[in-house]
Amino acid sequence: QVQLVESGGGLVQAGGSLRLSCVASGRTFSSYAMAWFRQAPGKEREFVAGVTGGSGSSTSYKDSVKGRFSISRDNAKNTVYLQMNSLKPEDTAVYYCAAKGGQSGLRVEVLYDYWGQGTQVTVSS
């Protein structure tokens, strides 16, 4: 069993930056693929960014965040990060951290076994 706890959300002006963190319990964190999803009001949850297990050598991003967001992991700290730069009002959402055992299908929500409670990100114009 893996428990995920997100932090780092908040209110920021357009063009600003935030860094989200997700701390995982358990001793097998390094083997899990990790991802960030988000859900805006009235919309379905969507994939934002993902990183494979191990050294995290492979990443994947939603097209609209490429070049602005960066996902990384620190296996020694059981933590995955999402650095968000040049934020836009359309990035406003609840951001969720997720973990899964396999390394393929980073973008596929139904493959993720474990989810955090979410952290709110609000970008004002």
Side-chain angles (χ1 to χ4, degrees):
Q1 193 76 358
V2 176
Q3 291 185 323
L4 305 173
V5 179
E6 303 100 331
S7 63
L11 174 64
V12 64
Q13 288 188 331
S17 298
L18 284 174
R19 188 176 80 156
L20 305 183
S21 299
C22 172
V23 179
S25 64
R27 292 177 287 181
T28 59
F29 171 79
S30 63
S31 67
Y32 285 94
M34 302 295 296
W36 290 93
F37 289 77
R38 68 187 182 188
Q39 187 169 22
K43 295 187 177 181
E44 294 188 350
R45 190 157 57 185
E46 63 180 6
F47 171 82
V48 176
V51 60
T52 52
S55 61
S57 59
S58 181
T59 58
S60 180
Y61 294 92
K62 177 180 173 62
D63 284 349
S64 64
V65 308
K66 284 181 181 177
R68 300 189 298 122
F69 290 11
S70 178
I71 188 170
S72 61
R73 65 189 300 155
D74 184 339
N75 292 332
K77 295 183 178 180
N78 276 20
T79 302
V80 63
Y81 303 98
L82 184 67
Q83 178 67 45
M84 304 186 294
N85 300 325
S86 302
L87 282 161
K88 303 176 180 180
E90 51 263 44
D91 295 318
T92 295
V94 177
Y95 283 70
Y96 296 91
C97 174
K100 69 181 184 74
Q103 303 308 313
S104 61
L106 284 177
R107 295 171 175 261
V108 183
E109 181 177 345
V110 296
L111 296 179
Y112 285 84
D113 303 303
Y114 305 104
W115 293 84
Q117 82 288 350
T119 185
Q120 176 71 47
V121 171
T122 303
V123 185
S124 63
S125 57

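Being a predicted model, the structure only gives us computed values, none of them experimental.
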What side-chain donor-acceptor pairs closer than 3.5 Å can you find for residues 14-25, not counting sequence neighbours?
{"residue": "Ser17", "atom": "OG", "partner": "Asn85", "partner atom": "OD1", "Å": "2.9"}
{"residue": "Ser25", "atom": "OG", "partner": "Gln3", "partner atom": "N", "Å": "2.8"}

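Trp115 and Phe37 have tilted rings, their planes meeting at an angle from 30° to 60° on a 0 to 90° scale.
A donor-acceptor pair under 3.5 Å is absent between the side-chain atoms of Lys88 and the main chain of Thr92, judged by distance alone. Under a 3.5 Å cut-off, the side chain of Thr79 and the backbone N or O of Lys77 do form a donor-acceptor pair. Between the side chain of Thr122 and the backbone N or O of Leu11, no donor-acceptor pair lies under 3.5 Å. Judged by distance alone, the side chain of Arg45 and the main-chain N or O of Tyr95 form no donor-acceptor pair under 3.5 Å. Here the side chain of Gln103 pairs no donor or acceptor atom with the backbone of Ser58 at under 3.5 angstrom. Without hydrogens or angle criteria, Glu6 side chain to Gln117 main chain gives a donor-acceptor distance under 3.5 Å.
In plain terms, the two heavy atoms of Phe69 and Arg38 that are nearest each other are CE2-NH1, 4.1 Å. Shown here for Phe29 and Asn75, the closest heavy-atom pair between the two residues is CE2-OD1, 3.2 Å.
Defined by atom type and a distance below 3.5 Å, a donor-acceptor pair is present between the side-chain atoms of Ser60 and Arg107.
The CG atom of Leu111 sits 5.5 Å away from the NZ atom of Lys100 when rounded to the nearest 0.5 Å.
Applying the salt bridge (charged side-chain N to carboxylate O under 4.0 Å, His left out) test to residues at least two apart or on different chains, the pairs with a partner in residues 58-69 are Glu46-Lys62, Asp63-Lys66, Arg68-Asp91.
Ring centroids of Phe47 and Trp36 are separated by 6.0 Å or more, keeping the two rings apart.
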